[in-house]
Amino acid sequence: MPETSGPDGPGADHPVLAEARALLGAVLHGHGVSVRLSEVEAYAGPDDPASHAFTRTPRSAIMYGPAMRLYVYRSYGIHLCANVVTGPEGEGRAVLLRAGEVVRGHELAAGRRRTDDPVRLARGPGNLASALGLGLEDLGADLQGPPEPWLEPGEPLPDASVLAGPRVGVSRAEERPWRFWVAGDPTVSAYRRSPRAPS
DNA sequence: ATTAAGATTTACT
DNA sequence: GTAAATCTTAATG
């Protein structure tokens with residue numbers, strides 16, 4: 001096991017990858033709704049041009065804070081995305097929660113999402129945050145334990161059940177397979193088009 | 001102060 | 001499958 005930089009260049013062996021993989025299978029308890037994470041994306045700091053932490057800003061300041069904290073940001077102004085800050089303070093590492101399966105509060109989540117499809121309940125970052133009832137009020141919330149939204153680590157998944165692939169919506173460094181999802185989970189969607197494709 | 005870009009979702013065809 | 005809507009944040013003059 002190679003600690004060498006791999007054939008793909010810098011960041012191929014980044015510690016955030018292991019943390020993102022560890023988040024798969026964990027259960028995120030939100031406002032009356034619990035979701036088992038099935039798809040996540042790893043984002044590093046200065047080493048990742050696609051990360052919000054690439055440049056130090058008030059918005060990404062939370063990413064440089066202590067771990068196990070919730071980072072919520074707005075995407076395209078209308079939707080919210082939930083992230084979990086990982087790593088030691090100052091590293092600026094975070095993991096984006098892209099999708100998951102609702103294991104509790106199914107009815108409540110269905111009411112919020114206005115859909116009865118359990119597969120679509122938490123498919124997509126914005127939907128995941130919406131289904132959990134997360135908002136900017138939960139920004140920086142401690143995920144270490146109740147009563148507020150908290151993250152319960154699950155059992156480590158077999159390596160064979162975890163697949164990796166290129167990230168979505170990232171205009172740069174898409175060659176890095178920093179996106180992890182659970183194999184065979186219907187809540188995980190396939191590759192999507194890139195945002196705002198040039199004419 | 002203004003311009004540009006973006007970690008998306010939903011609806012319609 | 002394709003197209004459009006929506007808001008914030010970041011950078012620049």
Side-chain angles (χ1 to χ4, degrees), chain A residues 11 14 16-17 19-21 23-24 28 30 33 35 37-65 69-87 91-102 109-140 143 151 163-181 186-199:
Chain A
H14 206 275
V16 72
L17 302 181
E19 297 183 348
R21 190 199 64 173
L23 244 81
L24 283 175
L28 179 62
V33 179
V35 172
L37 303 178
S38 63
E39 184 182 8
V40 297
E41 268 185 19
Y43 279 92
D47 283 344
D48 193 354
S51 176
H52 287 169
F54 179 68
T55 311
R56 254 263 210 168
T57 64
R59 173 175 62 153
S60 63
I62 179 75
M63 295 179 73
Y64 284 94
R69 276 202 165 166
L70 189 64
Y71 165 44
V72 181
Y73 75 95
R74 254 183 273 299
S75 179
Y76 285 73
I78 44 190
H79 304 297
L80 293 169
C81 295
N83 301 249
V84 175
V85 179
T86 63
E91 292 297 311
R93 298 201 294 251
V95 177
L96 168 65
L97 313 179
R98 284 197 57 85
E101 180 186 2
V102 177
R112 284 194 178 122
R113 288 301 318 127
R114 272 278 182 102
T115 181
D116 50 1
D117 223 338
V119 176
R120 284 190 171 183
L121 276 181
R123 182 165 83 156
N127 286 337
L128 180 65
S130 189
L132 285 171
L134 295 176
L136 293 176
E137 55 181 28
D138 296 317
L139 211 170
L143 296 176
L151 181 69
L163 297 179
R167 291 178 290 189
V168 177
V170 177
S171 55
R172 183 141 179 87
E174 62 180 273
E175 55 187 9
R176 301 182 186 175
W178 283 16
R179 170 169 159 228
F180 298 92
W181 67 90
T187 58
V188 180
S189 59
Y191 184 87
R192 247 173 205 261
R193 62 168 174 80
S194 57
R196 290 215 169 204
S199 52

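Chain letters run A, B, ... following the sequence lines, proteins first, then strands; residues in each count from 1.
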Canonical and wobble pairing (Watson-Crick, G-U, under 3.5 Å) of DNA chain B, dot-bracket with |: ||||||.|||||.

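A:T57 pairs by the side-chain contact (heavy atoms from CB on, under 4.5 Å) definition with A:T55, A:R59, A:S60, not counting sequence neighbours. Applying the salt bridge (Lys or Arg N to Asp or Glu O under 4.0 Å) criterion to A:R21, with sequence neighbours excluded, gives A:D159. The salt bridge (Lys or Arg N to Asp or Glu O under 4.0 Å) test applied to A:R69 returns A:D142, not counting sequence neighbours. In this view, A:Y71 and A:H52 satisfy the side chain to side chain donor-acceptor pair (under 3.5 Å) rule, not counting sequence neighbours.
In this structure, A:V188 and A:L163 have side chains that are not in contact, with every pair of non-hydrogen atoms separated by 4.5 Å or more. Taking 4.5 Å as the limit, some side-chain heavy atom of A:V33 sits within range of a side-chain heavy atom of A:R112. Between A:L121 and A:V35, every side-chain heavy-atom pair lies at or beyond the 4.5 Å cut-off. At a threshold of 4.5 Å between non-hydrogen side-chain atoms, the residues A:M63 and A:S51 count as touching.
Computed from coordinates, the A:R123 CZ to B:dT8 P distance equals 14 Å when rounded to whole Å. We find that CZ of A:F54 is positioned 15 Å from C1' of B:dA7, with the value rounded to whole Å. The distance from atom NE2 of A:H79 to atom C1' of C:dT6 is 8 Å, rounded to the nearest whole Å. Straight-line distance from the CZ atom of A:R114 to the P atom of B:dA11: 10 Å, rounded to whole Å. Remark: C1' of B:dG6 and CD1 of A:I78 are 12 Å apart, rounded to the nearest angstrom. Rounded to an integer number of Å, the gap from A:F180 CZ to B:dA7 C1' is 16 Å. For A:L97 and B:dT8, the CG to C1' distance is 15 Å, given to the nearest whole Å. Atom CG in A:L136 sits about 14 Å away from atom P in C:dC7, given to the nearest Å.
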Write down the protein N/O and nucleotide N/O pairs, taken from nucleotides 10-13 of chain C, whose separation is under 3.5 Å; answer none if there are no such pairs.
{"residue": "C:dA10", "atom": "OP1", "partner": "A:T57", "partner atom": "OG1", "Å": "2.4"}

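Residue contacts for A:N127: at a heavy-atom cut-off of 4.0 Å it reaches the sugar-phosphate backbone alone, with no base atom in range.
Residue pairs meeting the side-chain hydrogen bond (donor to acceptor under 3.5 Å, both in side chains) criterion with at least one partner in residues 125-138 of chain A, sequence neighbours excluded, are A:H31-A:D138, A:R113-A:N127.
Stacking of A:Y76 onto the six-membered ring of B:dG6 is present: less than 5.5 angstrom between centres, less than 30° between planes. No aromatic stack links A:Y73 and the base of B:dA7, using centre distance under 5.5 Å and interplanar angle under 30°.
Taking 4.0 angstrom as the limit, A:H52 places a side-chain polar atom (N or O) nearer than this to OP1 or OP2 of B:dA7.
Taking every side-chain heavy atom of A:R74 into account, C:dT8 is the closest of C:dT6, C:dT8, B:dA7.
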